Student: 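Got a structure for you, questions after.
On a predicted model such as this, the values are computed, not experimentally measured, just so you know.
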Amino acid sequence: MHRSAPAPVPDRPSDAPLPRLYRPEEIADALGCSAWWVKDRARRSLIPHTRVGRAYRFTAEHLAEIVRLYEERPAQPARAVEVAATPSSVPGAKTGSAQPRRPLIAPTTRLRARPPRRQQQYGTVA
């Protein structure tokens with residue numbers, strides 16, 4: 001009889017090195033924010049974390065994911081900005097104007113004070 005080789009046993013968790021766990025203060029220093037902000041976001045499950053007992057702990061992967069979560073991208077893709085920045089090749093189109101463009105601003109409304117809730121009862125000032 002031909003016996004096949006035994007299936008490899010997956011590595012036991014005890015064989016793998018444990019990841020370094022960082023305290024909220026260390027994560028806050030890396031992000032440039034307060035430890036309170038880090039703990040608050042972890043408490044509300046808005047950022048990835050590990051809970052050891054009552055303490056919040058973070059791995060390097062957690063930190064990288066937090067950075068990705070709060071990363072902001074430009075509103076327009078870079079390609080669209082390049083196309084918009086090139087002058088139009090349509091005949092008769094104005095390419096340079098004497099005045100720079102002003103950004104569109106919504107018209108403002110003048111604020112008015114509302115009347116006081118209570119009228120002076122006795123007409124005297126103390």
Student: Relative to Phe58, does Arg23 satisfy both conditions: NZ or CZ under 6.0 angstrom from the six-membered ring centre, and within 45 degrees of the ring's axis?
Tutor: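 Cation-pi check for Arg23 and Phe58: fails.
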Student: Would you call Arg57 and Tyr22 a side-chain contact if the rule is heavy atoms closer than 4.5 Å?
Tutor: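 A side-chain contact is absent here, since even the closest heavy-atom pair is not under 4.5 Å.
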Student: Under 3.5 Å, side-chain donor or acceptor atoms of residues 63-70 against the rest of the protein: list the pairs with distances, not counting sequence neighbours.
Tutor:
none

Student: Please enumerate all residues that pass side chain to side chain contact (heavy atoms under 4.5 Å, CB included) together with Thr59, with sequence neighbours excluded.
Tutor: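 Side chain to side chain contact (heavy atoms under 4.5 Å, CB included) check on Thr59 returns Pro19, Leu21, Glu61, His62.
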Student: Sequence neighbours left out, cut at 3.5 Å: what donor-acceptor pairs do the side chains of residues 28-44 make with other protein atoms?
Tutor:
{"from": "Ser34", "atom 1": "OG", "to": "Trp37", "atom 2": "N", "distance (Å)": "3.1"}
{"from": "Asp40", "atom 1": "OD2", "to": "Arg44", "atom 2": "NE", "distance (Å)": "3.3"}
{"from": "Asp40", "atom 1": "OD2", "to": "Arg44", "atom 2": "NH2", "distance (Å)": "3.0"}

